[in-house]
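Quick notes on the structure that follows.
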Amino acid sequence: QKEVEQNSGPLSVPEGAIASLNCTYSDRGSQSFFWYRQYSGKSPELIMFIYSNGDKEDGRFTAQLNKASQYVSLLIRDSQPSDSATYLCAVQAGSYQLTFGKGTKLSVIP
Amino acid sequence: SAVISQKPSRDICQRGTSLTIQCQVDSQVTMMFWYRQQPGQSLTLIATANQGSEATYESGFVIDKFPISRPNLTFSTLTVSNMSPEDSSIYLCSVDQGSKQYFGPGTRLTVT
């Protein structure tokens with residue numbers, strides 16, 4: 001059974017700090033990896049995706065992938081209170097189907 | 001990315017009744033998906049809906065309970081049948097564009 005694990009949090013960081021969100025997955029055949037941000041009462045919003053080992057940067061967000069360790073992470077630099085949300089890690093293996101983790105709740109303290 | 005709308009945005013229904021949720025996309029998409037997100041939980045895929053074929057249901061979900069229609073490339077419906085309080089959840093449709101999935105705003109269903 002495919003599993004995606006995330007620390008549920010809450011993860012609290014001060015404003016301006018780096019928030020580090022982690023995710024591990026069980027299926028070695030996984031090929032695509034996604035990070036969604038979900039504000040309370042809202043639907044998930046795709047913020048990052050990564051397909052290859054290494055880092056991918058987009059503005060204040062960096063996704064990191066290590067397929068050998070079956071590990072993907074999301075770094076948020078210069079964290080803002082508006083970044084406070086639940087971050088969902090999703091993994092795709094071959095088909096279109098996504099397997100989601102339970103999410104990490106991030107709280108950025110002003 | 002595609003603009004996705006859902007109707008209704010929320011509803012309160014009595015047990016034993018059925019509710020049909022609509023999902024409309026502003027562009028043609030091959031694959032649409034229906035998810036459920038129970039309170040405090042992550043997303044669970046209910047089924048995949050391709051135009052012109054029967055929906056494919058995930059383990060634990062059956063067509064009699066969650067019938068799905070996909071009449072064209074921009075529209076789909078999910079019906080939650082014979083509802084019980086355990087069906088109280090947020091129901092989300094999503095679409096695949098460029099091998100990435102984008103979500104609609106969701107339908108918050110409460111069954112009393």
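Protein chains get the first letters and strands the later ones, always in sequence-line order, with residue 1 at the start of each.
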Turns out that what part of A/Gln6 lies under 4.5 Å from chain B's heavy atoms comes down to neither
Near A/Tyr96 OH, under 6.0 Å, is it more than 12 heavy atoms from other residues, nucleotides or ligands? no
### Message
So for atom CD, which belongs to B/Glu58, do other residues, nucleotides or ligands contribute more than 12 heavy atoms lying within a distance under 6.0 Å?
### Response
yes
| message | Within the supplied structure, the quantity of interest is the number of heavy atoms (other residues, nucleotides, ligands) at a distance under 6.0 Å from A/Ile109 CD1; does it exceed 12? | response | yes
Correct closest heavy-atom pair for B/Val111 and B/Ser88 would be N-OG, 2.9 Å
If one checks every heavy atom of A/Phe49 against chain B at 4.5 Å, the contacting part turns out to be side chain
Listed by number, the residues in residues 14-36 of chain A that come under 4.5 Å of chain B (heavy atom to heavy atom) are A/Phe34, A/Tyr36
Turns out that what part of A/Leu98 lies under 4.5 Å from chain B's heavy atoms comes down to both
- prompt: NZ of B/Lys7: more than 12 outside heavy atoms within 6.0 angstrom?
  reply: no
Value for CD1 (B/Ile21) from OG1 (B/Thr79), rounded to nearest 0.5 Å, stands at 8.0 Å
Contacts satisfying side-chain hydrogen bond (donor to acceptor under 3.5 Å, both in side chains) that involve residues 23-41 of chain B (not counting sequence neighbours) are A/Gln38-B/Gln37, B/Gln24-B/Thr74, B/Ser27-B/Gln97, B/Trp34-B/Ser76, B/Tyr35-B/Gln101
Under 4.5 Å to a heavy atom of chain A? For B/Leu92 that would be side chain
Shortest non-hydrogen pair, B/Thr20 vs B/Thr77, comes out as CG2-CB, 3.8 Å
